[in-house]
*Asks:* 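The structure under discussion is supplied below as structure tokens; questions concerning it will follow.
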2 protein chains.
Amino acid sequence: MTPPLPAKRPLTTVDIAIFSIRDGRLCVLLVKRPSGKDEPYPGRWALPGGFVDLENDKSLEDCAVRKLREKTGVASPYLEQLGSWGDAKRDPRGWSATHVYLALIAGPEVKPEAGGNAPEADWFPVADSGVAGRLAFDHKDLLAAALARIRAKVEYTSLPVHLVDEPFTLTELQRAYEIVMGRPVNKAAFRKRILDAGIVESTGEFRGGQARPAELFRHARAAERLAYFPRTFSPRP
Amino acid sequence: MTPPLPAKRPLTTVDIAIFSIRDGRLCVLLVKRPSGKDEPYPGRWALPGGFVDLENDKSLEDCAVRKLREKTGVASPYLEQLGSWGDAKRDPRGWSATHVYLALIAGPEVKPEAGGNAPEADWFPVADSGVAGRLAFDHKDLLAAALARIRAKVEYTSLPVHLVDEPFTLTELQRAYEIVMGRPVNKAAFRKRILDAGIVESTGEFRGGQARPAELFRHARAAERLAYFPRTFSPRP
DNA sequence: GCACAATAGTCGTACAGTACGACTAATAGC
DNA sequence: GCTATTAGTCGTACTGTACGACTATTGTGC
């Protein structure tokens, strides 16, 4: 009695919500759906992604890294899994399940288009509800979940470190936090918290402007990729 | 130019890490793999789960709820998605992806076996590294991730509320927190934090023992299914 | 050189939240 | 009553942060 493997299997995709700061605003990378016949949601904006390639993708994360490199050229971003969405109706072509990843990248050197002449990919401010509300598939939900994750984690982790280019000044890092949070934070409180948490380390260098030069920092090598700020319920030392 | 849908698709499953408190210990529900020919990991313990049924499961979460009801009889547990794991090698039968859910249930009335005479399912203390280290597939990793999620969230959410039967006393709830955290917490601090957070509400009833009766509480109807304790970076009111 | 603008970085205080042990409160059993 | 037992509170110390005001260091214009 050999148990049969299911003949019908879900269409399986990986989608990525890639965030970066452009012109002082938190932006997400969107790509335009192809307009071919039988293509769902032709011409609509969507999160970059696509079918898992069982021949070439060793794992879901491999697949996400590959797609991210194809779209942005970035090889080593901050990447974490957001979750998975799967049901019978989210794709008109059939029962489909997508594995969604969240990526943060820094720097303006990212190419937003893959090759064609027409712009196929572009950055959109996350506050642009006009575009976000008309995304293909259920990508509006995926994007909302990704934003919620970022906005929750900015409160108690070092996540925005991955949105600024190294080396960075503490003021630049503070600006990244403020952009994600959508409100200003106090300078002294911010600096103490960041430095006490040990998530950045000084390079010893300084960057001068038209005023007092600022000390340059990088992500602490010793720290985890994501550092957490102190939690409660901790016993007294 | 109609784009072809991928002919090869991953084996797609849903697995659930179901936790409950038994005899004062945090336990996870495991099931025994069938011993048929060509069955992977025959006779080994594994997280309950199985293939997504495209005909009957409307969504991944539906699938998780169904499997959980089959195993435990519980219809309305606390259920959240943990993540997904997928690669070419985790299942010897082929490229497979599993969507993992985390469930918390309360009460001892849960039937740990589905029907047969041999015990097919049982509760295991999560501290039992002997069993956890020999689970089928990559379920050791999934279980570790589920435990990490629970142990992180216990610090700043009302999650253990779903591990105690309603109505409960604050002492019982505190015990659930302590079991998950693995260490005692101060009574006065615990009560103030829980009550200020508004995650429980009094029933007005009391339960007497051989000592002073304790006030009975339930999960606050107004509160979210999961309440969060105060975070930092909050501006002064 | 010197005032001045501009940005970096620090100081001191107030306050929220909590960790902690010791206290009071209410019940059952004797 | 007295005692054991568990429920619940009080007061204090302490940690971490929010906040505005302060000092520090540079470039620029005169």
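Everything quoted here is computed from the prediction, not taken from an experiment. Numbers restart at 1 for each chain; the letters A, B, ... are given by sequence-line order, proteins then strands.
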*Asks:* Taking atom C1' of dG9(C) as reference, at what distance in whole Å does atom CZ of Arg175(A) sit?
*Replies:*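 The distance from CZ of Arg175(A) to C1' of dG9(C) comes to 19 Å, rounded to the nearest Å.
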*Asks:* Remember a base hit wins even if backbone is also touched, and classify Thr171(A) as base, sugar-phosphate or nothing at under 4.0 Å, heavy atoms.
*Replies:*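 Touches sugar-phosphate only.
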*Asks:* Taking C-beta and beyond as the side chain, do Thr169(B) and Arg207(B) meet within less than 4.5 Å on heavy atoms?
*Replies:* yes
*Asks:* Please determine, for the side chain of Ala214(B), which listed nucleotide (dC20(C), dT18(C), dA7(D)) has the closest atom?
*Replies:*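 Comparing dC20(C), dT18(C), dA7(D) against the side chain of Ala214(B), the answer is dA7(D).
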*Asks:* How many Å lie between NZ on Lys192(B) and P on dC20(C), as a whole number?
*Replies:* 16 Å
*Asks:* Atom CG of Leu170(A) and atom P of dT10(C): how far apart are they, to the nearest Å?
*Replies:* 9 Å
*Asks:* Taking the side chain as every heavy atom from C-beta outward, state whether Phe19(B) and Leu102(B) have any pair of such atoms under 4.5 Å apart.
*Replies:*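 Contact flag for Phe19(B)/Leu102(B) side chains = yes.
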*Asks:* Regarding Ser84(B) and His99(A), do their side chains bring together a donor and an acceptor under 3.5 Å, going by distance alone?
*Replies:*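 Result is yes, a qualifying pair exists.
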*Asks:* Just checking Arg218(B): does its CZ atom have more than 12 heavy atoms from other residues, nucleotides or ligands closer to it than 6.0 angstrom?
*Replies:*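 Yes, because the 6.0 Å sphere around CZ of Arg218(B) holds more than 12 heavy atoms from other groups.
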*Asks:* Whole angstrom is fine here: how far is it from CD in Gln174(A) over to P in dA18(D)?
*Replies:*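 In whole Å, dA18(D) P lies 11 Å from Gln174(A) CD.
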*Asks:* If we only count heavy atoms from C-beta on, is the Asp87(A) to Lys58(B) side-chain gap below 4.5 Å?
*Replies:*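 Not touching, per the 4.5 Å side-chain cut-off.
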*Asks:* Assign each of Pro184(B) and Arg191(A) to its nearest nucleotide of DNA chain C by heavy atoms, then name whichever residue's nucleotide is nearer the 5' end.
*Replies:*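 Mapping each residue to its closest nucleotide by heavy atoms, the 5'-most match is Arg191(A).
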*Asks:* What does nucleotides 21-30 of chain D look like as a protein-contact string, B for base, S for sugar-phosphate only, - for none, at under 4.0 angstrom between heavy atoms?
*Replies:* ---BBBS---
*Asks:* Rounded to whole angstrom units, what separation is found between the CD atom of Glu172(B) and the C1' atom of dT6(D)?
*Replies:*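 Result: 12 Å.
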*Asks:* Just the rounded figure in Å: distance from P of dA19(C) to CD of Glu178(B).
*Replies:*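 Taking CD of Glu178(B) and P of dA19(C), I get 12 Å after rounding.
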*Asks:* When the distance from CZ of Phe206(B) to P of dA28(C) is rounded to whole Å, what number comes out?
*Replies:* 14 Å
*Asks:* So do the side chains of Ser20(A) and Arg22(A) get within less than 4.5 Å of each other, counting heavy atoms only?
*Replies:* yes
*Asks:* Starting at CG of Asn186(B) and ending at P of dA7(D), how long is that distance when rounded to a whole Å?
*Replies:*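 Computing the Asn186(B):CG to dA7(D):P distance gives 15 Å.
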*Asks:* Over 60° means perpendicular and under 30° means parallel, so tell me whether His162(B) and Tyr78(B) are parallel, tilted or perpendicular.
*Replies:* parallel
